[in-house]
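To keep things clear, I will list the structure first and then write my remarks on it.
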Amino acid sequence: MSSRLVGVGVGPGDPELVTVKGVNALREADVVVVPVLDTGERGRAEATVLHYVPEEKVVRVVFALNERSDRGRREAAWDAAGERVAELLRRHAAVAFATIGDPNVYSTFTYLAQTIAELVPGTVVETVPGITAMQDLAARSGAVLTEGTEPLTLVPVTAGSAVLKDALAGPGTVVAYKFGRQAHEVAEALRETGRLADAVWGSALGLPEESVRPAAELGDTPLPYLSTLIAPARRDGGRGGKL
């Protein structure tokens, strides 16, 4: 029988935000893979998983999660991680891979699944959706992501501030991911497009060091890499004005 590789979204950090289906998938798997940096510290995915499965069931696999400049090094790390997971799939019927947020939204799981398709043909790949940082930040800040006919644009600021400015010039809500190292540029883009007043940012959501603050307080100091920003759509038509 074919082995199964299940990408499980475990949310942005708060262990209470893992879905029941996600918890069941983690517990039913023979092993649970968690991605770690080559420096070895425990990441959010691993910390969340350990609320639900015993440590001896968790397999830590190094991924080049923070490597953006050296494509060769990054792909070599993906290959090595893929080989490690392929080895587990050859010995186990079900392997879960825990990823923060959702496995289909800017997730390392995407690259792992592609690698496994080549290394272990016939592996059944499944995903269990997870709560995203934008949903969690909206709940914690009171920001409404969309209403009526408003579009929602999700931008990774690692793509450049020009992409963010283009999105902010549009009519809908804009969510920016991974903007912490470019906090100053993000603040300038919000000011230039008149979107600063209602915007909010957050980092370490659901963790002891959580910070949720108005974007107007953004300064020149870099923020944690995984910071999230919500710039709500312009709403001046009253209740239901966008229907």
Side-chain angles (χ1 to χ4, degrees), residues 4-29 31-37 41-55 57-61 63 65-66 94-113 125-147 152-157 173-180 199-215 223-232:
R4 288 190 308 126
L5 174 64
V6 186
V8 182
V10 296
D14 184 345
E16 292 187 292
L17 292 182
V18 185
T19 66
V20 174
K21 186 170 185 176
V23 171
N24 288 340
L26 294 172
R27 289 175 173 169
E28 290 168 3
V31 293
V32 178
V33 173
V34 294
V36 297
L37 295 169
E41 67 262 29
R42 179 172 291 170
R44 292 191 197 180
E46 181 177 5
T48 304
V49 164
L50 290 174
H51 281 81
Y52 298 105
V53 301
E55 190 167 6
K57 187 175 177 176
V58 175
V59 177
R60 309 176 89 230
V61 176
F63 283 78
L65 300 173
N66 59 348
V95 174
F97 179 89
T99 179
I100 59 172
D102 182 276
N104 294 305
V105 179
Y106 299 131
S107 170
T108 304
F109 181 74
T110 302
Y111 314 121
L112 175 63
V125 177
E126 303 172 359
T127 57
V128 177
I131 291 172
T132 61
M134 63 177 164
Q135 293 169 287
D136 195 12
L137 178 57
R140 295 177 188 276
S141 67
V144 176
L145 285 171
T146 56
E147 62 176 66
L152 172 65
T153 303
L154 175 60
V155 177
V157 180
T173 294
V174 176
V175 175
Y177 274 3
K178 306 176 184 179
F179 82 90
V200 63
W201 70 270
S203 64
L205 301 174
L207 302 176
E209 62 271 29
E210 174 186 293
S211 180
V212 176
R213 306 180 69 84
L223 303 172
Y225 174 65
L226 291 177
S227 297
T228 298
L229 173 95
I230 297 175

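Just the heavy atoms: all of them, side chains too, but no hydrogens, waters or symmetry mates, feed the values below. Starting from 1, each residue takes its place in the sequence as its number.
Using a 4.5 Å heavy-atom threshold, the side chains of R44 and L207 count as touching. M134 places a side-chain heavy atom less than 4.5 Å from the side chain of L152. At a threshold of 4.5 Å between non-hydrogen side-chain atoms, the residues L229 and V157 do not count as touching.
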Determine all donor-acceptor pairs shorter than 3.5 Å in which one atom belongs to a side chain in residues 4-13; sequence neighbours excluded.
from, atom 1, to, atom 2, distance (Å)
R4, NH1, E126, OE1, 2.9

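For Y111, the OH atom sits in a loose shell: 12 or fewer heavy atoms of surrounding residues, nucleotides or ligands are nearer than 6.0 Å. Heavy-atom neighbours of E41 CD from other residues, nucleotides or ligands within 6.0 Å: above the threshold of 12.
The ring-ring contact (aromatic ring centres under 6.0 Å, His included) test applied to Y52 returns no partner, not counting sequence neighbours. Qualifying salt bridge (Lys or Arg N to Asp or Glu O under 4.0 Å) partners for E55, counting only residues two or more places apart in sequence or in other chains: R42. Looking at residues two or more places apart in sequence or on another chain, you find a salt bridge (Lys or Arg N to Asp or Glu O under 4.0 Å) between R140 and D14, D136, E210. Among residues two or more places apart in sequence or in another chain, the ring-ring contact (aromatic ring centres under 6.0 Å, His included) test is passed with F109 by F97.
A199 approaches A231 most closely through the heavy-atom pair CB-CA, 4.0 Å. Of all heavy-atom pairs spanning Q135 and G130, the tightest one is OE1-O, 4.2 Å. Closest approach of P103 and P129 over heavy atoms only: CD-CA, 4.2 Å. A pairwise comparison of heavy atoms in A215 and W201 identifies CA-CD1, 3.9 Å as the closest pair. The two residues V95 and A29 have their closest heavy-atom pair at C-CB, 4.4 Å. When every heavy atom of V200 is checked against every heavy atom of L137, the shortest pair comes out as O-CD2, 4.1 Å.
Checking side-chain atoms of T173 against main-chain N and O of L145 turns up a donor-acceptor pair under 3.5 Å. Counting only distance, with no hydrogens or angles, the side chain of S107 and the backbone of N104 share no donor-acceptor pair below 3.5 Å.
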TODO: Determine, step by step, whether T19 and V128 satisfy the side-chain contact (heavy atoms from CB on, under 4.5 Å) criterion, reporting the C-alpha distance in whole Å, the side-chain angles of both residues, the deciding distance to 0.1 Å, and the verdict.
DONE: CA-CA 9 Å; T19 66; V128 177; 4.2 Å; yes
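Remark: Y177 OH to L226 CG distance equals 10.0 Å, nearest 0.5 Å. Atom CG of L154 and atom CD1 of I230 lie 10.5 Å apart (nearest 0.5 Å).
Evaluation of the salt bridge (charged side-chain N to carboxylate O under 4.0 Å, His left out) test over residues 19-28, restricted to residues two or more places apart or in two chains, returns none.
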